[in-house]
Engineer: 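Would you mind keeping the following structure in view while I ask a few things?
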Number of protein chains: 4
Amino acid sequence: MPKIVDKKEKRSRILETAIKVFAQKGVNNTKIADIAQAAGIGKGTVYEYYHSKEEIISDSFRHFMESMSGVIGRRLLHLRDPVDKLLAYFAAWGEIVDSEAMSYIEVVLDFWAEGLRQEKTAMTINLAEMYAEYRATVKSLLDECVSAGRIRPVDTQITASILLGTMDGLLVQWIADRDVFDIKLAIELLPKIFIAGMEGHG
Amino acid sequence: MPKIVDKKEKRSRILETAIKVFAQKGVNNTKIADIAQAAGIGKGTVYEYYHSKEEIISDSFRHFMESMSGVIGRRLLHLRDPVDKLLAYFAAWGEIVDSEAMSYIEVVLDFWAEGLRQEKTAMTINLAEMYAEYRATVKSLLDECVSAGRIRPVDTQITASILLGTMDGLLVQWIADRDVFDIKLAIELLPKIFIAGMEGHG
Amino acid sequence: MPKIVDKKEKRSRILETAIKVFAQKGVNNTKIADIAQAAGIGKGTVYEYYHSKEEIISDSFRHFMESMSGVIGRRLLHLRDPVDKLLAYFAAWGEIVDSEAMSYIEVVLDFWAEGLRQEKTAMTINLAEMYAEYRATVKSLLDECVSAGRIRPVDTQITASILLGTMDGLLVQWIADRDVFDIKLAIELLPKIFIAGMEGHG
Amino acid sequence: MPKIVDKKEKRSRILETAIKVFAQKGVNNTKIADIAQAAGIGKGTVYEYYHSKEEIISDSFRHFMESMSGVIGRRLLHLRDPVDKLLAYFAAWGEIVDSEAMSYIEVVLDFWAEGLRQEKTAMTINLAEMYAEYRATVKSLLDECVSAGRIRPVDTQITASILLGTMDGLLVQWIADRDVFDIKLAIELLPKIFIAGMEGHG
DNA sequence: GATGAATGAGGGTTCATTCAT
DNA sequence: GATGAATGAACCCTCATTCAT
């Protein structure tokens, strides 16, 4: 009777540990040994669950993305009014900022940096695809708003990019120096400017 | 003293080469040997002008920043109207996108990723300081606008962050996939939304 | 005591599996896990029957040797004429080439390579001892032939080495490229040259 | 003025050191660090001259082969009589046995073992090709002998294989235990048996 | 007895940095 | 000053072996 281990569960535990360590030391500066030690396991054990460091990295990225999508998805689920949904989308960012996941967000920059360099075909980190997905969601929210006559008929594709970019860029700035502004306040202010800027007859 | 001039000039040449190589291969994947080869000099020669790879990285960052500031500064120099200045600030980004410097912008993400991890005291890449500088500029532009009654009395500190963040985030998205939207169009659209969103009696 | 029989039987099964895997992948490239998997048992189980990989290797060598000796011994058993015996010895190689054991012969080179390196005292693979045994057999056959006046009084020790060497070397060459010559034909040709070369008044 | 190093010369020195170490410890048991230490250089320096251990191995093989070919070629160069040439070929082995190169011959077995496992397309160690080359040489010597009516019209292809195999196999046996027979004597005896065995009207 | 999860010593390789020429 | 040969610390990954179940 061999030792029975929930492989999936342990893989998850390693992954979460990895993300934490990535956040602390940076993806490139993190050694497999660091992850192993942080997880309280042997170096070799990591390789029982992941084939390579690269696989850990890309899985971390995917994991992080899915957390985000989850938070956002839950927020929008029960809303019907398109502007409410848009507002909820902004608000979801506020929630993420406070969430456990947020503490790992520093990794995202590493992923970005890594992702920009990847060939389009590479499986690992596909930044373009990630943005495409988010952009599609926001664009459809904006389209609903336009259809409902709640905002001017702006170019929703570009506007979606602007909204996403704003949140990303704001986050980076805040991480760089958390004392400079109150991120929650900033996120509250965002829709007031954006929605206001898009309202009206166009 | 021609030697001193030569020394400075050569340091510059190495730096510019380094930025190019960083952009192509990523900061982490760039070896000193790559820079030396690209610069057409010996590996050891690089160390005659720079004490370490780290120093090249931080100097690259500073150099890049100064290029940006230069472009923006020249744009704003002769303007008087505060809203014009704000618009010029946005427009400067459009110019940068087309500029020679822009071709190196892919490095910025590496700088970000690296910068976020640095201790505040570290000399290398001080993202916080960089943002502080930019934010101060934009904030003062916004303050002028508010003083002149051209926009609502918004929290100019946070708003400046939002504006900067928007441009950063937009850029990253565009780099990830340049076919998804027209960056020039996006930059033109930005002030229309922002200024509109901030106008009015507040 | 069925357990003891089982134990022996299972040890054999592991061994035979090991030889097969060794032949396919080479001794050095074969992992314990490979053997376990090929045997349809767990990795740990292998260690219930063998204390180390080294032991498996040396046992494989012994096993292989014994198979060969068996084939040859059976061939010579009922013969009386010394030259017939010598011819039968050659012929035995022809049989071995077709035998089940032959399919594993690719391992032999690994054994050779490993064996040459071993200290004389080491238990694992004693190439010298193996050759000594074979040589003694062939030498006594040759001595019989000389005594019977069937061949010239050659140095039977050296000649035995030559005969054995020829068969070994021929085999290796054939394994390297089986299309170059017909091994059965070569083995038939051997005694014609050797016996002829040793015949006569000396 | 950089340090000037005869790259080729140093590569050779590393190679020769490598062969020595391979001979002592076996190819598989030799660490790059061992080679470096034996050569009195740093581990990293080895990689300035060789891209991988694999490259060192295959180069060692090639080097060894070329030494052998050189010795043999020089022996045959000035001979005209076909049987003399054949005898010289045998004698060359006697010379090799005494030569500096011979002290490394233990590596050859590793090469063989490794070579047998290689795919035909693999560049590294091509045992089949090596044998083909040697076989062609010996076969043409035999063909000359047959044409000149000096030996029976044997199958020269197979006979060449037998001759080569004999020398290989003999060598291995001798390496396994050098006290058992005198290799020089054996090599002298070889042609007496072979030539005698092939002489006559057939 | 059987298992396979866990382990860590060990080896190949990279690369920033040094330094003799 | 310029160079590139030399170096070794570091890091990823492998795999024989152990051991708890």
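Heavy atoms only: backbone and side chains are in, while hydrogens, waters and symmetry mates are out. Letters A, B, ... are given to chains in the order of the sequence lines, protein chains preceding strands, and every chain is numbered from 1. Nothing here was measured: the structure is a model prediction, and the numbers come from that model.
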Engineer: A:Ile41 CD1 to E:dG4 P: how many Å, rounded?
Structural biologist: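 About 20 Å, once rounded to whole Å.
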
Engineer: Determine: side-chain N/O of A:Lys7 to OP1/OP2 of E:dG4, distance under 4.0 Å, yes or no.
Structural biologist: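 So the side chain of A:Lys7 is outside the cut-off, no N or O lying under 4.0 Å from OP1 or OP2 of E:dG4.
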
Engineer: Answer yes or no: does a side-chain N or O of C:Tyr49 lie under 4.0 Å from OP1 or OP2 of E:dA2?
Structural biologist: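 Affirmative; the distance criterion is met.
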
Engineer: Within the distance-only criterion (no hydrogens, no angle test), does the side chain of B:Thr17 pair as donor or acceptor with the backbone N or O of B:Arg13 below 3.5 angstrom?
Structural biologist: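 Present.
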
Engineer: Step by step, work out the salt bridge (Lys or Arg N to Asp or Glu O under 4.0 Å) result for D:Asp6 and D:Arg11.
Structural biologist: CA-CA 9 Å; D:Asp6 187 338; D:Arg11 212 177 127 102; over 6 Å; no

Engineer: C:Ile14 CD1 to E:dA2 P: how many Å, rounded?
Structural biologist: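 Value for this atom pair: 9 Å.
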
Engineer: Counting side-chain heavy atoms from CB outward, which of F:dA16, F:dC11, E:dT18 is closest to C:Ile32?
Structural biologist: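 The answer is F:dA16, which lies nearest to the side chain.
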
Engineer: Taking any strand in view, what nucleotide pairs with E:dA20 in a Watson-Crick or G-U wobble way, both distances under 3.5 Å?
Structural biologist: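 Check on E:dA20: paired to F:dT3, both distances under 3.5 Å.
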
Engineer: Counting N and O atoms only, with roles assigned by atom type, does the side chain of B:Lys25 sit under 3.5 Å from a partner on the main chain of B:Asp34, one being a donor and the other an acceptor?
Structural biologist: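 Such a contact is absent between B:Lys25 side chain and B:Asp34 backbone.
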
Engineer: Tell me whether the OP1 or OP2 atom of F:dT3 has a side-chain N or O from B:Lys43 closer than 4.0 Å.
Structural biologist: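 Looking at the OP1 and OP2 atoms of F:dT3, neither is under 4.0 Å from any side-chain N or O of B:Lys43.
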
Engineer: So which atom in B:Met130 and which in B:Phe61 form the shortest heavy-atom distance, rounded to 0.1 Å?
Structural biologist: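 Result for this residue pair: SD-CZ, 3.6 Å.
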
Engineer: DNA chain E: A:Gly42 or B:His51, which has the more 5' nearest nucleotide?
Structural biologist: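 The residue mapped nearer the 5' terminus is A:Gly42.
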
Engineer: Looking at every strand, decide which applies to C:Tyr50 at a 4.0 Å heavy-atom threshold: base, sugar-phosphate, or nothing.
Structural biologist: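 If one applies the 4.0 Å heavy-atom cut-off, C:Tyr50 turns out to touch nothing in the nucleic acid.
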
Engineer: Is B:Glu16 salt-bridged to B:Lys20, cutoff N-O under 4.0 Å?
Structural biologist: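 No, B:Glu16 and B:Lys20 are not salt-bridged.
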
Engineer: Which residue lies toward the 5' end of DNA chain F, D:Gly44 or A:Asn28, if each is placed at its nearest nucleotide?
Structural biologist: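 Counting from the 5' end, the first nearest nucleotide belongs to D:Gly44.
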
Engineer: Side chain of B:Lys53, heavy atoms from C-beta onward: which of E:dT13, E:dG11, E:dA16 has the nearest atom to it?
Structural biologist: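 It is E:dA16.
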
Engineer: Whole angstrom is fine here: how far is it from CD in A:Glu48 over to C1' in F:dT17?
Structural biologist: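 After rounding, the reported distance stands at 13 Å.
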
Engineer: Whole-Å distance between E:dA16 C1' and B:Asn29 CG?
Structural biologist: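 Interatomic distance, CG of B:Asn29 to C1' of E:dA16: 15 Å.
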
Engineer: Taking CG from B:Asp34 and C1' from E:dT14, how many angstroms apart are they, rounded to a whole number?
Structural biologist: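 Roughly 12 Å, once rounded to whole Å.
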
Engineer: Check whether any side-chain heavy atom of A:His63 lies under 4.5 Å from a side-chain heavy atom of A:Ser60, and answer yes or no.
Structural biologist: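 When only atoms from C-beta onward are counted, A:Ser60 and A:His63 do not touch, as no gap falls below 4.5 Å.
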
Engineer: Could you tell me whether the phosphate oxygens of E:dT7, OP1 or OP2, come under 4.0 Å of any side-chain nitrogen or oxygen in A:Thr45?
Structural biologist: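 Result: yes.
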
Engineer: Between C:Arg11 (CZ) and E:dG1 (C1'), how many Å, whole number?
Structural biologist: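 The distance from CZ of C:Arg11 to C1' of E:dG1 comes to 16 Å, rounded to the nearest Å.
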
Engineer: Quick check: on DNA chain F, is the nucleotide nearest B:Gly40 upstream (toward 5') of the one nearest C:Ser52, or the reverse? Name the residue that is more 5'.
Structural biologist: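 First, find each residue's nearest nucleotide; the 5'-ward one identifies B:Gly40.
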
Engineer: Given E:dG12, F:dG1, F:dA16, identify the nucleotide with an atom nearest to the side chain of D:Lys31.
Structural biologist: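 Within the option list, the nearest is E:dG12.
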
Engineer: Quick one: C:Ile56 CD1 to F:dC15 P, roughly how many Å, whole number?
Structural biologist: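 In whole Å, F:dC15 P and C:Ile56 CD1 are 15 Å from each other.
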
Engineer: From CD1 of B:Ile35 over to C1' of F:dG4, roughly how many Å is that when rounded to an integer?
Structural biologist: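 It is 16 Å, rounded to the nearest whole Å.
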
Engineer: Both D:Tyr47 and B:Ala33 contact DNA chain E. Which one's nearest nucleotide lies toward the 5' end?
Structural biologist: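 Whichever sits nearer the 5' end wins; that is D:Tyr47.
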
